[in-house]
Amino acid sequence: METKKDEIVRQQEELQEEHGGEEGLLEEATNDSGKITKANVNDRIKAIKNDATFADELKVLKAYLKLIEQEAEISKEIKVLTQFLDNYILTRYGDLTEDEIKTLVVDDKWMPTLRQAIASEMDRISQRLTKRIQELAERYDTPLPELTSRVEELTAKVEAHLQRMGLVW
């Protein structure tokens, strides 16, 4: 029922986008806040009903009015069904056994929440470990012999600069 209602609302929006706005066929039925109401549509239909020059506008207005009525009817049905479902649930609660309550609470409520929390914690730990492994891989990317030779080269350069400056030990 909600899907049907959403489809009707979508159709209303399409009609409003296509024929609304300035110089659109639904312009006269639109109120100051930009909404098209059933009363405005009915008033406009009464005003142009017998005028052949407004045939296109009358056709669009009648289509929009039909959608408004369908939406109202479905909304009423949804309200009735929701009330019925609420009443049924309330009467059903009193008839639940202890095992059914445990199933509802533990299996249907707590377990999915726990599974989701565990999965997100595992993802967080996995991402942290992956980041740490990448840091270690970057840190130990250069082998020790290469680092040692680089240190020796730089030490020699520094000693050469110090000797040129007159510092010898």
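Worth knowing before you read on, the calculation uses all heavy atoms, side chains too, and leaves out hydrogens, waters and symmetry mates. By convention here, the first residue in the shown sequence is residue 1.
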Return the set of residues passing side chain to side chain contact (heavy atoms under 4.5 Å, CB included) with [X] (not counting sequence neighbours), or none when no residue passes.
{"X": "Leu96", "result": "Arg92, Tyr93, Glu100, Ile101, Leu104"}
{"X": "Thr103", "result": "Asp107"}
{"X": "Asp6", "result": "none"}
{"X": "Gln127", "result": "none"}

Side-chain donor-acceptor contacts of residues 133-140 below 3.5 Å, not counting sequence neighbours, with atom names and distances?
{"residue": "Glu135", "atom": "OE1", "partner": "Arg132", "partner atom": "NH1", "Å": "3.3"}

Could you tell me the separation between the [atom1] atom of [X] and the [atom2] atom of [Y], rounded to the nearest 0.5 Å?
{"X": "Asn40", "Y": "Lys35", "atom1": "CG", "atom2": "NZ", "answer": "12.5 Å"}
{"X": "Asp141", "Y": "Glu146", "atom1": "CG", "atom2": "CD", "answer": "9.0 Å"}
{"X": "Gln12", "Y": "Gln70", "atom1": "CD", "atom2": "CD", "answer": "9.0 Å"}
{"X": "Leu81", "Y": "Tyr88", "atom1": "CG", "atom2": "OH", "answer": "14.5 Å"}
{"X": "Ile45", "Y": "Leu65", "atom1": "CD1", "atom2": "CG", "answer": "5.0 Å"}

Connected via hydrophobic side-chain network under 4.5 Å: [X] and [Y]:
{"X": "Ile78", "Y": "Ile68", "answer": "yes"}
{"X": "Met1", "Y": "Val80", "answer": "no"}
{"X": "Val105", "Y": "Leu114", "answer": "yes"}

Residues Lys5, Glu2: salt bridge by 4.0 Å N-O rule: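 Glu2 and Lys5: not salt-bridged.
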Taking only Lys NZ, Arg NE, NH1 and NH2, and the carboxylate oxygens of Asp or Glu, determine whether Lys4 and Glu7 approach each other closer than 4.0 Å.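 Glu7 and Lys4: not salt-bridged.
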Can Lys79 and Gln83 be said to form a side-chain contact (heavy atoms from CB on, under 4.5 Å), step by step? CA-CA 6 Å; Lys79 186 176 180 181; Gln83 185 63 40; 5.8 Å; no
Just jot down the salt bridge (charged side-chain N to carboxylate O under 4.0 Å, His left out) partners of [X], sequence neighbours excluded, or say none.
{"X": "Glu98", "result": "Lys102"}
{"X": "Glu152", "result": "none"}
{"X": "Lys59", "result": "none"}
{"X": "Glu18", "result": "none"}

Using only heavy-atom distances, determine whether the side chains of Ser120 and Asp123 contain a donor-acceptor pair under 3.5 Å.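 No, because no side-chain N or O of Ser120 sits under 3.5 Å from a partner of the opposite role on Asp123.
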Identify whether NZ of Lys or CZ of Arg in Arg44 sits under 6.0 Å from the centre of the six-membered ring of Phe54 and within 45° of that ring's axis.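 Cation-pi check for Arg44 and Phe54: passes.
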Starting from Leu129 and following side-chain heavy-atom contacts under 4.5 Å between hydrophobic residues (I, L, V, M, F, W, Y), which residues can be reached?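 Ile125, listed by chain and number.
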Could you go step by step and tell me if Asn42 and Leu61 meet the side-chain contact (heavy atoms from CB on, under 4.5 Å) rule? CA-CA 8 Å; Asn42 282 328; Leu61 286 169; over 6 Å; no
The criterion is side-chain hydrogen bond (donor to acceptor under 3.5 Å, both in side chains); which residues satisfy it with Asp108, sequence neighbours excluded?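 With neighbours one apart ignored, the set is empty.
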Return the set of residues passing side-chain hydrogen bond (donor to acceptor under 3.5 Å, both in side chains) with Lys109 (not counting sequence neighbours), or none when no residue passes.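 Lys109 satisfies side-chain hydrogen bond (donor to acceptor under 3.5 Å, both in side chains) with no residue once adjacent residues are dropped.
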